[in-house]
Amino acid sequence: MSGTSQRVQFPADFLWGAATSAYQIEGSPLADGAGPSIWQRFTRTPGMMANGDTGDVACDHYRRWKDDVALMKHLGLKAYRFSIAWARVLPEGRGRVNDRGLDFYSRLVDELLRNDIMPLPTLFHWDLPAMLDDRGGWLNPDVASWFADYANIMYAKLDDRVQQWATLNEPWVVTDGGYLHGALAPGHRSKYEAPIASHNLLRAHGTAVQAYRANGKHRIGIVVNIEPKYAASQSAEDLAAVKRADAYMNRQYLDPVFLGAYPDELQDIFDDAWPSWPAADLALIKQPIDWLGVNYYTRNVTRFDANNYPLRVASVKQDATYTETGWEVFAQGLTDTLTWIKQRYGNPPVYVTENGAAFYDPPQADDGVIDDPLRVNYFRKHLAAVSDAIGQGCDVRGYMAWSLLDNLEWSLGFSKRFGIVHVDFATQQRTIKASGKLYANVIASNGDVLNHA
Ligand code: BGC
């Protein structure tokens, strides 16, 4: 079913928001006693970052947070999804607490609430404290208890005001980018490390959820990125390739969290690098969660490729629009993702916690407008796709645009812009793009504006 023919509609209490993450926007990474993170190191490793960019300044949000909350209010956001920099709170990653770092997030939460914007913090969005990496980072089994200790500090400080928490953002990207292919911090390339990092991320999630049940009063969940895989042909080889790709990227995280088991295909992919995990670990990972965050950007049309080790898959280019990060625009994939989650995992409460696109933004016109028609079109189609999924019975409760601001797109630096608000990185001037104006109208009309051209 296509999103265009049906009436677009959302439940009355639908939570409209926008998302960011700490290292991508804050700047001032070592201010007020914060410790370094692995991204601090990675951005200083020659050759790893486009144009040698770093997060030293980024959107300067650490100093401009009040103005940024005013901007959110102006857009009409009902929720703001942000992440907490672990090394601001615990400069060494564990042990000594840095109150000044903790206070930054407390002030931010207060300011959001004063503006009727619901704070939706994520505890970990990739910026592991560097000193924990020195102890093995996600490869050290102790990381689960380090994470729970940090989480408990955050619960104690903010749970009186925060109603909804996320443990991790996109564990797949952490392990695929950080431990298998090395394009992201900490930049390792090892088939043997990737499964261990994944497993410890999931153990950390489980441990933090368990801690929340003891010490928190509201709701907690996890955020995963889902990229549905479609077979390039019906050949047995391609169909098996699709199963491997789907198991690796999508089911590797959701199956343990919801079903308490890893997909069988992971053994086939990782071969002797796939350990047999203790049953107690899987029981720990399968803590009931209150909500699931789904980040959706694109799909993949997949075929068999013997040379692409260890997955043995490749993607097939489509006759379609592609974004600047090389991702196919395919809104139906979001409906398919949401209906798949409903069917496979028992219709949990879902929030689309990220969705958006990097496109080239034309220069500001004389009348001040930044026209970003491709992004406008992207949001229109994907919001219709969410409405379709709701029409098909999916329990989708909210949507967060990625991203509030143009920001540091990880190893691509500032070369790719995802914002609904343009940032001039030389002056830090913020300008709402046409997509931001559309989104403000979407919020104000609870989606009804999407029924009109
Ligand atoms: C991440 C964001 C990132 C976005 C676009 C997601 O993988 O959570 O931090 O900027 O996608 O690549």
Side-chain angles (χ1 to χ4, degrees), residues 17-27 29 37-39 42-43 49-50 53-55 58-59 61 80-86 120-128 166-181 183-185 198 201 205 221-228 248-250 252-253 292-300 322-330 333-334 337 351-361 372 374-375 378-379 382 399-421 423 425 435:
T20 64
S21 91
Y23 190 73
Q24 293 180 275
I25 65 163
E26 286 179 353
S37 77
I38 54 172
W39 273 91
F42 192 75
T43 52
M49 294 293 294
D53 288 341
T54 75
C59 305
H61 171 78
Y80 174 50
R81 173 171 178 252
F82 60 97
S83 78
I84 296 163
W86 184 343
L120 236 157
T122 300
L123 290 166
F124 178 73
H125 197 128
W126 308 358
D127 46 357
L128 188 75
T167 54
L168 310 176
N169 179 71
E170 299 189 355
W172 179 81
V173 177
V174 177
T175 56
D176 183 77
Y179 291 89
L180 186 64
H181 291 115
L184 302 174
S198 278
L201 278 153
H205 158 77
I222 186 170
V223 173
V224 292
N225 55 308
I226 299 297
E227 190 181 284
Y248 174 59
M249 190 160 176
N250 302 326
Q252 179 169 192
Y253 301 93
L292 175 68
V294 174
N295 296 351
Y296 176 85
Y297 288 93
T298 190
R299 69 148 166 188
N300 195 280
Y322 279 76
T323 72
E324 281 226 317
T325 46
W327 299 341
E328 182 193 348
V329 176
F330 188 72
L334 178 50
T337 292
Y351 293 74
V352 176
T353 33
E354 286 181 31
N355 176 236
F359 284 116
Y360 168 78
D361 289 331
D372 54 344
L374 294 173
R375 192 175 291 104
Y378 184 98
F379 281 120
H382 286 77
Y399 175 95
M400 318 279 140
W402 184 271
S403 179
L404 175 68
L405 303 169
D406 290 337
N407 59 46
L408 180 107
E409 178 51 24
W410 303 109
S411 54
L412 301 175
F414 299 105
S415 67
K416 305 291 176 232
R417 293 177 177 269
F418 275 89
I420 57 173
V421 174
V423 177
F425 291 106
S435 57

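Every value quoted in this text rests on a predicted model; they were computed, and no experiment measured them. Only this structure's heavy atoms are used, side chains among them; waters, hydrogens and symmetry mates stay out. Each ligand, and each atom within it, is numbered from 1 in the order the structure gives.
A donor and an acceptor atom, one from each side chain of Y253 and S198, are located under 3.5 Å apart.
For ligand 1, the atoms sitting less than 4.0 Å from at least one non-hydrogen atom of F418 are 5 (C), 12 (O), numbered in the order shown with element in parentheses. Here is the list of ligand 1 atoms found below 4.0 Å of a heavy atom in N169: 8 (O).
Cation-pi contact between R299 and F330: present, with separation from the ring centre below 6.0 Å and deviation from the ring axis of at most 45°.
No N or O atom of N407 sits closer than 3.5 Å to an N or O atom of ligand 1. Inclusion of W410 in the set of residues having an N or O under 3.5 Å from an N or O of ligand 1 is warranted. Residue-to-ligand polar distances keep S21 apart from ligand 1: every N/O pair is separated by 3.5 Å or more.
Nearest protein heavy-atom contact of atom 4 (C) of ligand 1 is Y297 OH, 3.3 Å. In terms of protein heavy-atom proximity, atom 7 (O) of ligand 1 is nearest to E170 OE1, 2.5 Å. Remark: minimum distance from atom 10 (O) of ligand 1 to any protein heavy atom is reached at E409 OE1, 2.6 Å. Nearest to atom 1 (C) of ligand 1 among the protein's heavy atoms is E354 OE1, 3.3 Å.
Between R417 and D372 there is no salt bridge, since no side-chain nitrogen of the basic residue lies less than 4.0 Å from a carboxylate oxygen of the acidic one.
Ligand 1 has at least one atom lying under 4.0 Å from a heavy atom of H125. Within the structure, the closest approach of N225 to ligand 1 does not fall below 4.0 Å when heavy atoms are considered. No heavy atom of W172 sits closer than 4.0 Å to any atom of ligand 1.
Of the heavy atoms in W327, only side-chain atoms (C-beta onward) come closer than 4.0 Å to ligand 1.
Formation of a donor-acceptor pair under 3.5 Å by the Y179 side chain with backbone atoms of V174 is not found in this model. S21 contributes no side-chain N or O that, together with a main-chain N or O of H125, makes up a donor-acceptor pair within less than 3.5 Å. One N or O on the side chain of T323 and one on the backbone of T325 form a donor-acceptor pair closer than 3.5 Å. Counting only distance, with no hydrogens or angles, the side chain of D53 and the backbone of F414 share a donor-acceptor pair below 3.5 Å. For R375 (side chain) and G356 (main-chain N/O), no donor-acceptor pair under 3.5 Å exists by modelled atom type.
A side chain to side chain donor-acceptor pair (under 3.5 Å) with N355 holds for exactly one of Y399, Y297, Y296; it is Y399.
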